[in-house]
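Single-structure report; data block below.
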Amino acid sequence: ESSSPLPAPKDVVIYSYNFHSSLRWSPVKVDRGLVLYTVHFKTGAFNQWDEMNCTRITQTECSLPWSLKERRWTVVLRVRAELGEATSDWVETDPFVAERNTTIGPPKVNSVIESSDSLLISVAPPFRSKSGDFLQYHVSYWENATSTTKKETKTSNTLFKIGNLKESTLYCFRIQVELMIYSDLQLLGLPSVPECYRTTIS
């Protein structure tokens, strides 16, 4: 008996945040039976498909294994639907390079110490950095009353000071991380939610 071919998974994308990457797709709807999914990968170095830890799974997401966590590798993934003996066509992703295609989240603000003319800010990077990583923090800050004029500063330290502030004044700031990869390639992260603090009276 000829089984009608299964529809292929749709909306197949690699979702990557802070270098944690996974393949996601929309479920394939059928009248009866449980559709399973199988994911394969290949790297830019070896043009051959290999199995991942996602063979005949029920969920519509598959995390990239640690063996593919090398940020500079080019990876292509493919997924297909399976139901009994029937299989769908494979759906391939575009080539993915974590170093270029991941989304970097905002840094974590650990503490802020107010004084009369400055804010001393301690932050933590959004991901565990590797040796050779060079991170820069882009800080924009403004006086809450005149939020149109923003000032910018850059630092590579996780503890830094915003100085030359007026006393007893509310200041707001937000921070983005920039990962310098090569001299010509930087990855700018998402900005943090603005936080506001009042300087003290001297």
Side-chain angles (χ1 to χ4, degrees), residues 3-31 33-108 124-138 174-193:
S3 58
S4 62
L6 276 176
K10 288 192 168 67
D11 311 316
V12 178
V13 291
I14 296 179
Y15 175 84
S16 184
Y17 190 77
N18 289 337
F19 296 108
H20 291 283
S21 309
S22 63
L23 184 70
R24 297 178 180 181
W25 58 91
S26 298
V28 171
K29 303 263 194 295
V30 292
D31 292 338
L34 180 64
V35 177
L36 303 173
Y37 305 96
T38 293
V39 179
H40 288 172
F41 76 93
K42 67 179 177 180
T43 61
F46 298 100
N47 194 14
Q48 99 183 28
W49 292 104
D50 277 312
E51 288 196 350
M52 277 176 41
N53 48 354
C54 298
T55 301
R56 300 181 68 76
I57 59 170
T58 54
Q59 62 268 35
T60 55
E61 178 173 4
C62 172
S63 292
L64 270 66
W66 282 106
S67 56
L68 293 181
K69 286 289 193 278
E70 202 46 61
R71 293 181 192 171
R72 291 191 176 165
W73 284 6
T74 300
V75 180
V76 179
L77 302 180
R78 69 179 186 180
V79 59
R80 76 177 182 190
E82 304 174 8
L83 178 61
E85 297 298 303
T87 59
S88 75
D89 290 336
W90 290 101
V91 182
E92 276 185 38
T93 65
D94 291 331
F96 169 81
V97 182
E99 190 169 71
R100 293 168 185 270
N101 303 125
T102 198
T103 299
I104 294 180
K108 180 173 179 287
F127 55 90
R128 187 179 297 149
S129 47
K130 297 164 76 159
S131 66
D133 278 356
F134 179 65
L135 293 177
Q136 255 200 336
Y137 297 93
H138 291 237
R174 68 168 188 220
I175 310 171
Q176 285 170 281
V177 176
E178 185 177 39
L179 174 62
M180 319 293 275
I181 296 164
Y182 308 106
S183 56
D184 61 339
L185 177 64
Q186 297 86 29
L187 209 52
L188 188 62
L190 301 173
S192 63
V193 176

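Heads up: numbering here begins at 1 and tracks the sequence.
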**OP:** Would you please test Gln186 and Met180 for side chain to side chain contact (heavy atoms under 4.5 Å, CB included) and show each step?
**Re:** CA-CA 5 Å; Gln186 297 86 29; Met180 319 293 275; 3.6 Å; yes
**OP:** Take Leu179 and Phe134 through the test side chain to side chain contact (heavy atoms under 4.5 Å, CB included) and record every step on the way to the result.
**Re:** CA-CA 6 Å; Leu179 174 62; Phe134 179 65; over 6 Å; no
**OP:** I would like to know whether Val28 and Tyr37 meet side chain to side chain contact (heavy atoms under 4.5 Å, CB included); could you show each step before the answer?
**Re:** CA-CA 9 Å; Val28 171; Tyr37 305 96; 3.9 Å; yes
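A donor-acceptor contact shorter than 3.5 Å links the side chain of Ser192 to the backbone of Ile175. Looking only at distances, no side-chain donor or acceptor of Ser63 sits under 3.5 Å from a matching main-chain atom of Ser22. At distances below 3.5 Å, not a single donor-acceptor pair connects side-chain atoms of Ser88 with backbone N or O atoms of Leu6. With Asp89 contributing its side chain and Ala8 its backbone, the two residues share no donor-acceptor pair below 3.5 Å.
Using a 4.0 Å cut-off between a side-chain N of Lys or Arg and a carboxylate O of Asp or Glu, Glu61 and Arg24 qualify as a salt bridge. By the 4.0 Å N-to-carboxylate-O rule, Glu70 lies too far from Arg72 to be salt-bridged with it.
The shortest distance between side-chain heavy atoms of Asn47 and Lys42 falls below 4.5 Å. In this structure, Leu77 and Ile14 have side chains that are in contact, with non-hydrogen atoms separated by less than 4.5 Å.
Separation of atoms CD (Glu178) and NE2 (His138) is listed at 3.5 Å; rounding is to 0.5 Å. For the atom pair Tyr17 OH and Ile104 CD1, the distance stands at 10.0 Å (nearest 0.5 Å). Here the CZ-CG distance, from Phe96 to Leu68, works out to 10.0 Å after rounding to the nearest 0.5 Å. Rounding to the nearest 0.5 angstrom, the gap separating the CG atom in Leu36 from the CZ atom in Arg80 is 11.0 Å. Between atom CG of residue Leu190 and atom CZ of residue Arg174 there is a gap of 11.0 Å, rounded to the nearest 0.5 Å. Rounding to the nearest 0.5 angstrom, the gap separating the CZ atom in Arg78 from the OG1 atom in Thr93 is 11.0 Å.
In this structure, Lys130 places its NZ atom where more than 12 heavy-atom neighbours from other residues, nucleotides or ligands lie under 6.0 Å away.
A tilted orientation is assigned to the rings of His40 and Trp49, their planes being inclined by 30° to 60°.
Annotation for Phe19 and Arg71: closest pair CE2-CD, 3.5 Å, computed over non-hydrogen atoms.
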